[in-house]
Amino acid sequence: MHRSGVREACPGCEQDHTLAWDDGGITCECNIGPLCKHHHIVKHLTGWRLQQPEPGTFTWHTPAGRSYSTGPAQY
């Protein structure tokens with residue numbers, strides 16, 4: 001399993017709802033992704049936003065207005 005935005009394997013990652021369950025996010029492959037503790041914390045900071053346009057593909061939006069996308073490793 002790989003963390004969102006990190007290229008090495010992460011056995012201790014946390015499964016996170018991309019759209020929080022409390023905000024109407026569902027528990028399914030389309031809304032769950034692995035985040036390391038650091039990225040899980042960052043996701044909840046003011047100005048940061050995470051989207052998952054399709055399972056395994058993540059787009060981070062920074063407070064500065066930049067966007068970074070990452071997807072599953074290609075083997």
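Being a predicted model, the structure only gives us computed values, none of them experimental. One is the number of the first residue; the rest follow in order along the sequence.
Contact between Gln52 and Gly33 at its shortest, heavy atoms only, is NE2-N, 4.4 Å. The shortest heavy-atom contact between Thr59 and Ser69 is OG1-OG, 2.9 Å. The nearest pair of heavy atoms linking Pro72 to Thr57 is CD-OG1, 4.0 Å.
Considering only heavy atoms from C-beta on, Ile32 comes within 4.5 Å of His17 through its side chain. With contacts defined as side-chain heavy-atom distances shorter than 4.5 Å, the pair Leu35/Cys13 does not qualify. Here the side chains of Cys36 and Glu14 are not in contact, with every heavy-atom distance at 4.5 Å or above.
With values rounded to the nearest 0.5 angstrom, Leu50 atom CG is found 6.5 Å from Phe58 atom CZ.
For Ile41, the side chain to side chain contact (heavy atoms under 4.5 Å, CB included) partners at least two apart in sequence or on another chain are Lys37. Evaluation of the side chain to side chain contact (heavy atoms under 4.5 Å, CB included) rule for Thr46 yields no partner, not counting sequence neighbours.
Evaluation of the salt bridge (charged side-chain N to carboxylate O under 4.0 Å, His left out) test over residues 42-63, restricted to residues two or more places apart or in two chains, returns Asp16-Lys43.
Using cut-offs of 30° and 60° on the angle between ring planes, the pair Trp48 and Trp60 is perpendicular.
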